K.L.:
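Structure below; questions to follow.
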Amino acid sequence: MQHLTDRVLDVAIVGTGPRGISVFERLAANLMAEPEPPSVRIWLIDAVELGAGRIWRTDQETSFLMNTVVGEISMFSGVFDGEPCRPGAGLSFQQWLPTQPEPELSGLDHDDYAPRYAYGRYLRYVYDSVVRAMSGLGEVVEVVGKVTSLRDDGNGYTLRVSTADQERTVTADAVVVTTGHAPAELSEHQSELARFAQDRSALRYLSGDSAADLDLRSIPSGATVGVVGLGLSFYDILMSFTVGRGGKFKVNGDGAMCYVPGGNEPSVVAGSRSGLPIRSRGRNQKGVTGRAAPKFLTSAAIGQLRERNAVHRGNPALDFDRDVLSLLQAEINYVYYTTQARTQHGPERAEAVGAELYARGPELARWREVVERHGLEDVEPVDLDQLSRPLHAKRFDSGADVVAEVRRILLADITEAGQGNVDSPLKAALDAIRDSREVLRHAVDFGGLTPRSHRADFLGRFVSRTSTLFTGPPLERTAQFLALINAGVLDVVGPDVVHGCDAEQDRFFLESPAVEGSRRHCDVLIDSRIPTAGLIRNTDPLMRQLVEDRMAVDFVHGDTEEMFATGALHITPAERRVIAADGRPHRALYALGIPTERVCWFTQIGNGRPGVHTSFSRDADVIALSVLRRAASNTFQ
């Protein structure tokens, strides 16, 4: 690169969780690769913990687990090569864990799940490795504080940072916003619940944050706690109330999980729309790089569909159900049928079934004759809606009846998960969704769908329901869920849970319209669902200021039929530069991760994979290269 100026290039990274570290690492790696790198000063700013951020901070409870196996995680953009760790090449999470003094960490295997605080430590290790590497490349300035405003003065950006003891000003030529989940303003219903609790000293209402940031320790033992939402945050709350208070899980002689109370637990009653906790991931059998090769949902197929739509409809945008979901269902069921054939009849039959299904194309209706001819006539195709909401449309005469049905479903899920994501036909099929995420992003990101289909089909149905089937916790969490029900610590309300205020009882309530007599009262109500704050309801002062000053705008997805305000930062596809309200991209203001969710999909993923060039590191590299190209051409002015 030829540099037109010798002045120092100031780059500010706001948020040093996984996304911020990934940009920092790629900036450093690209600088190291330059024969004449520019002079740089990198400002690393985080409101909670430098190098870990808020979600992965290292002081959280040890019982909070990740939902990705340790062998699939790396924050270095290249594999370890035996040399000292540096930007572009370093230890994976699994390679780093044996360096830890705690046996519960150093003894973790490839397919185990680590505590969240341990990943925070690893992030700090990667962060520190990049800081050390920068010693010969440029200056690093670390700031613990919250960015409250960002102004464009025409020559650069000025950031106001509120630290513990002062207000600080940072000036930068380029700014990369990689902040994570921000609390959202309370909805009208949530505000009503909060006011109800404020007027009654015996009640508490908690919502809108990770379990590590909720004040769970102050909830007294014996209190009745209602929890709305049965996702990953729910499990953290459950572990805090049990293992975090001295309880222990043990395995009986018959192999069943049981719970031994510590005596300080509250009584938990929980519910959600599905009435079931997020399902377990199958035991990992694929290693790091093992993924089902796509047969139908490929980038080439998406490109052909766009061309067809452009010719016949005058618009290359896709309809998710018609164009994309049909191909994904073919992927899922291809894996399902071939795995069924292998487990029932052997690998040769599976190969024959796969070849014939592929030859017939992605229309499932054309597969039935092949399936029946190969002895799989009793195997019905995978129904994602039924799997995600098996209690839907059912009615129960009592709470005991719904608990019995939940227990039956979860025991079956544990069995499937125990068989693994290769040998269980169902878990292997659902894992095909994970394997297809890159292509799904190619189809969906940056307005790839029509606005109606994006809002209703993809976000409204597919994401809200299907994510519970393939992003879940290890199977031990499901076994612990059942153990807590058996121990009387946990109860479930049922599907389509309703929660609110009972003024006559001066308490909160939860109930399911599908379960007779299901109303349960509680003293503490926790909404464990992590909201998508968007730009309108976002309580983060930086995001609010950017919108108020028209420096940023949400991505409004529209055509002649519908306008859909996504609530995500509008960014350019090529460089991830933030687009202002006048439609023009900023010179050097970038955004990556959670603030861009709904422009891009699945931005909450917090790691790369060792030896696999995923979108996680590619997205960071796009920004790093853009910043350095602009430095070389002096286009910040």
Side-chain angles (χ1 to χ4, degrees), residues 1 3 8-13 15-44 46 50-53 56 68 70-99 119-142 174 176 178 287-289 438 574-576 590 592-593 605-632:
M1 287 184 182
H3 304 291
V8 174
L9 168 70
D10 282 284
V11 182
I13 299 176
T16 63
R19 292 289 186 175
I21 295 172
S22 68
V23 173
F24 182 34
E25 194 257 6
R26 289 310 304 157
L27 274 170
N30 282 294
L31 285 168
M32 291 174 66
E34 282 297 313
E36 296 183 15
S39 299
V40 299
R41 182 187 298 113
I42 299 180
W43 299 80
L44 300 166
D46 199 282
L50 287 164
W56 302 105
T68 303
V70 300
E72 293 183 351
I73 297 170
S74 182
M75 276 298 299
F76 286 102
S77 55
V79 297
F80 180 59
D81 57 5
E83 299 295 323
C85 292
R86 61 198 184 279
L91 296 174
S92 69
F93 188 37
Q94 182 184 2
Q95 292 169 326
W96 170 85
L97 279 166
T99 68
Y119 186 52
R121 279 195 203 169
Y122 173 67
L123 291 174
R124 288 289 303 270
Y125 168 78
V126 176
Y127 172 91
D128 290 341
S129 298
V130 183
V131 169
R132 285 194 301 271
M134 283 295 299
S135 62
L137 297 170
E139 184 183 357
V140 172
V141 183
E142 299 176 311
V176 187
T178 56
V288 177
T289 59
E438 292 283 327
E575 296 179 300
R576 273 55 173 177
Y590 304 82
L592 184 63
I605 190 167
N607 61 272
R609 291 165 66 101
V612 181
H613 193 47
T614 68
S615 59
F616 180 82
S617 58
R618 287 201 305 271
D619 291 346
D621 202 46
V622 161
I623 292 176
L625 288 171
S626 177
V627 169
L628 296 178
R629 276 197 302 268
R630 290 174 177 278

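It should be emphasised that the depicted structure is a prediction, and the values quoted were computed from it without experimental measurement.
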K.L.:
Rounded to the nearest 0.5 Å, how far apart are CG of Leu628 and CG of Asp621?
P.N.:
9.5 Å

K.L.:
Taking salt bridge (Lys or Arg N to Asp or Glu O under 4.0 Å) as the cut-off, I'd like each qualifying pair that reaches into residues 120-132, sequence neighbours left out, listed once.
P.N.:
Glu49-Arg124, Glu102-Arg121

K.L.:
Which heavy atom of Phe76 sits nearest a heavy atom of Cys85, and at what distance?
P.N.:
CZ-CB, 3.9 Å

K.L.:
Please say which of Leu31, Leu27, Val11 ends up in a side-chain contact (heavy atoms from CB on, under 4.5 Å) with Val40.
P.N.:
Leu31

K.L.:
Could you name each residue pair satisfying salt bridge (Lys or Arg N to Asp or Glu O under 4.0 Å) that touches residues 79-91, not counting sequence neighbours?
P.N.:
Asp81-Arg86

K.L.:
Can you tell me how far the CZ atom of Arg629 sits from the CD atom of Glu575, to the nearest 0.5 Å?
P.N.:
5.5 Å

K.L.:
If every non-hydrogen atom of Pro610 is compared with every non-hydrogen atom of Ser92, which pair is closest and at what distance?
P.N.:
CB-CB, 4.0 Å

K.L.:
For the CG atom of Leu625 and the CG atom of Asn30, what is their distance to the nearest 0.5 Å?
P.N.:
4.5 Å

K.L.:
Is the shortest heavy-atom distance from the side chain of Leu9 to the side chain of Val627 under 4.5 Å?
P.N.:
yes

K.L.:
Taking all non-hydrogen atoms of both residues into account, name the closest pair between Ala624 and Val23 and its distance.
P.N.:
CB-O, 4.4 Å

K.L.:
Report yes or no: does Thr178 contribute a side-chain atom to a donor-acceptor pair with the main-chain N or O of Gly15 at less than 3.5 Å?
P.N.:
yes

K.L.:
Is the backbone of Ala174 close enough, under 3.5 Å, to the side chain of Tyr590 for a donor and an acceptor to pair up by distance?
P.N.:
no

K.L.:
Would the distance check show the side chain of Ser626 and the main-chain N or O of Ile623 forming a donor-acceptor pair, the cut-off being under 3.5 Å?
P.N.:
no

K.L.:
Please name the pair of heavy atoms, one in Gly88 and one in Ala29, separated by the smallest distance, quoted to 0.1 Å.
P.N.:
N-CB, 4.1 Å

K.L.:
Give, for atom CG of Asn607 and atom CG of Leu123, the distance between the pair rounded to the nearest 0.5 Å.
P.N.:
9.0 Å

K.L.:
What are the two closest non-hydrogen atoms of Ala620 and Arg26, and how far apart are they?
P.N.:
CB-CG, 4.0 Å

K.L.:
Please round to the nearest 0.5 Å and tell me the distance separating atom CG of Leu91 and atom CG of Leu97.
P.N.:
10.0 Å

K.L.:
Would you give the length of the straight line joining atom CD1 of Ile73 to atom OG1 of Thr68, rounded to the nearest 0.5 angstrom?
P.N.:
5.0 Å

K.L.:
Has Asp46 got a side-chain atom pairing as donor or acceptor with Thr16's backbone, closer than 3.5 angstrom?
P.N.:
yes

K.L.:
If every non-hydrogen atom of Pro18 is compared with every non-hydrogen atom of Phe616, which pair is closest and at what distance?
P.N.:
O-CZ, 3.6 Å

K.L.:
Holding to salt bridge (charged side-chain N to carboxylate O under 4.0 Å, His left out), I want the full list of residues that pass it with Glu139, two or more places apart in sequence or in another chain.
P.N.:
Arg41

K.L.:
Would you check if the side chain of Gln94 reaches a backbone N or O of Glu72 as a donor-acceptor pair within less than 3.5 Å?
P.N.:
no

K.L.:
When the ring planes of Tyr127 and Phe24 are compared, do they come out parallel, tilted or perpendicular, using 30° and 60° as the limits?
P.N.:
tilted

K.L.:
Hey, what's the ring geometry for Phe93 with Tyr122, parallel, tilted or perpendicular (30° and 60° as the breaks)?
P.N.:
tilted

